[in-house]
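Report on the following structure.
Since the structure is predicted, the reported quantities are computational estimates derived from the model, not experimental observations. Reminder, nothing fancy here: chain letters follow the sequence lines and each chain counts from 1.
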Protein chains: 2
Amino acid sequence: MNRKSLEGMQCPVARSLERVGDGWSMLILRDAFYGIRRFDDFVQSLGIAPNILSHRLTKLVAAGLLERRAYSTRPARHEYVLTDQGRDFRPVLLALMAWGNRHFAPEGPSIVLTDTLTSEPVELALVDLRTGEPITRGRHTITAGAVANERTRANVEFRNARLAADRH
Amino acid sequence: MNRKSLEGMQCPVARSLERVGDGWSMLILRDAFYGIRRFDDFVQSLGIAPNILSHRLTKLVAAGLLERRAYSTRPARHEYVLTDQGRDFRPVLLALMAWGNRHFAPEGPSIVLTDTLTSEPVELALVDLRTGEPITRGRHTITAGAVANERTRANVEFRNARLAADRH
DNA sequence: AAAGTCGCTTGCATTCTGCAAGTCGGTATT
DNA sequence: AATACCGACTTGCAGAATGCAAGCGACTTT
């Protein structure tokens, strides 16, 4: 997406979207989690135009989510595999999947996450590992972190005040 | 994002991205969670051009994530508030925030989720509510759901086979 | 020698974005 | 009564991003 408006933003959501916030990147990552590695396989799986895929892949490599590695030298061929950072993106994709299943699958989910031990579908939830408590709007709120500057701090304060005032 | 390639896709991730997969929508939602409701406040907070915001808001309203409601009739004024479906998007945003904090905040996180009871920062994780187990790639895999058609089923099978073969 | 495979690049048309400015219905100020 | 102001947009236009088809380069296969 556009460069000017997001660069330098402190918000981690904005920073994340800077790297994966276009229409295709997350779908490419989804396919990477499925084990797809090769250019033409991405093209086929996604129906994406090759020039666009080319751009996205180099962008994802530059962002550190994918690694471009040669799997054959004589006919020089490359494949794209997830880095640790890329693999760490899985929760976001799963959360998105769960949300999509809840709201945009009137006929029922076409794809689900299942527990391989029990073969049961997973019931996904975010929790705080420290307390084990599921995340709720009542108990958990967003606050300025350790290194937030004056402006960020003011924003968060303003927003939390709004939030409190807006409970109807 | 583009219409043709995603419409009719069964994958819940694709379906989700159809509604929020452009550069701005998730940031608008983020601000909505912060309590922002008014057009000009969104413009100011995001630095988004008003015409773009206008498009996004109507799209988000159409998708059922936001509700446009009048807060004043005599000078007709409207505000945009999260629907239940929109509020349910919070885990995605939080996962994205956590990921951003882990990888793109070298100076430390500027914004964190905290437990209001303990005032401690939250350590976010996805778990399976049925078993209480955190989600891992080893234990939990993606499978075709109940209503998956032939093609989806074949894709998932193919992909899982690849995945198994690719464990290096 | 011809055809195929894989991973791209090039050219061109269409669509989407960004910016500045203006508009429309009202209210508040002088 | 005239002017300024406010909030929520729309309009016009330029530039960037995207989509599609076609081609290309370095091989391998038949």
Is the closest side-chain donor-acceptor distance between Asn51(B) and Ser54(B) under 3.5 Å?
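Note: Asn51(B) and Ser54(B) side chains miss the donor-acceptor criterion.
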
Where the side chain of [X] is defined as all heavy atoms beyond and including C-beta, which of [options] is the nearest nucleotide?
{"X": "Arg74(B)", "options": "dG19(D), dA8(D), dG26(C)", "value": "dG26(C)"}
{"X": "Ile52(A)", "options": "dT10(D), dT18(D), dG18(C)", "value": "dT18(D)"}
{"X": "Tyr80(B)", "options": "dG19(D), dC9(D), dC6(C)", "value": "dC9(D)"}
{"X": "Asp22(A)", "options": "dC27(D), dG26(C), dT18(D)", "value": "dT18(D)"}
{"X": "Pro75(A)", "options": "dT28(D), dA8(D), dG19(D)", "value": "dT28(D)"}
{"X": "Arg38(B)", "options": "dA8(D), dC9(D), dG19(D)", "value": "dA8(D)"}
{"X": "Arg77(B)", "options": "dA8(D), dC9(D), dG25(D)", "value": "dA8(D)"}

Are any of Trp24(B)'s side-chain N or O atoms less than 4.0 Å away from OP1 or OP2 of dT17(C)?
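Answer is no, no contact under 4.0 Å.
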
Using only side-chain N and O atoms of Arg56(B), determine if any of them is under 4.0 Å from OP1 or OP2 of dG18(C).
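Result: no.
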
With nearest nucleotides of DNA chain C determined for His78(A) and Asn51(A) from heavy-atom distances, which residue corresponds to the more 5′ nucleotide?
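This one resolves to His78(A).
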
Backbone N or O of Gly86(A) within a donor-acceptor pair of the Trp99(B) side chain at under 3.5 Å?
no

Tell me whether Thr114(B) contacts the main-chain N or O of Glu120(B) through its side chain, where contact means a donor paired with an acceptor under 3.5 Å.
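No; judged by distance alone, with no hydrogens or angles, the pair does not exist.
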
Assign Phe42(B) to base, sugar-phosphate, or nothing according to its heavy-atom contacts below 4.0 angstrom with the strands shown.
nothing

Which residue lies toward the 5' end of DNA chain D, Pro50(A) or His55(A), if each is placed at its nearest nucleotide?
His55(A)

Between Ile28(B) (CD1) and dT17(C) (P), how many Å, whole number?
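In whole Å, dT17(C) P lies 11 Å from Ile28(B) CD1.
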
Is the terminal nitrogen or CZ of Arg38(B) (NZ for Lys, CZ for Arg) located under 6.0 angstrom from the six-membered ring centre of Tyr71(B) and within 45° of that ring's axis?
yes

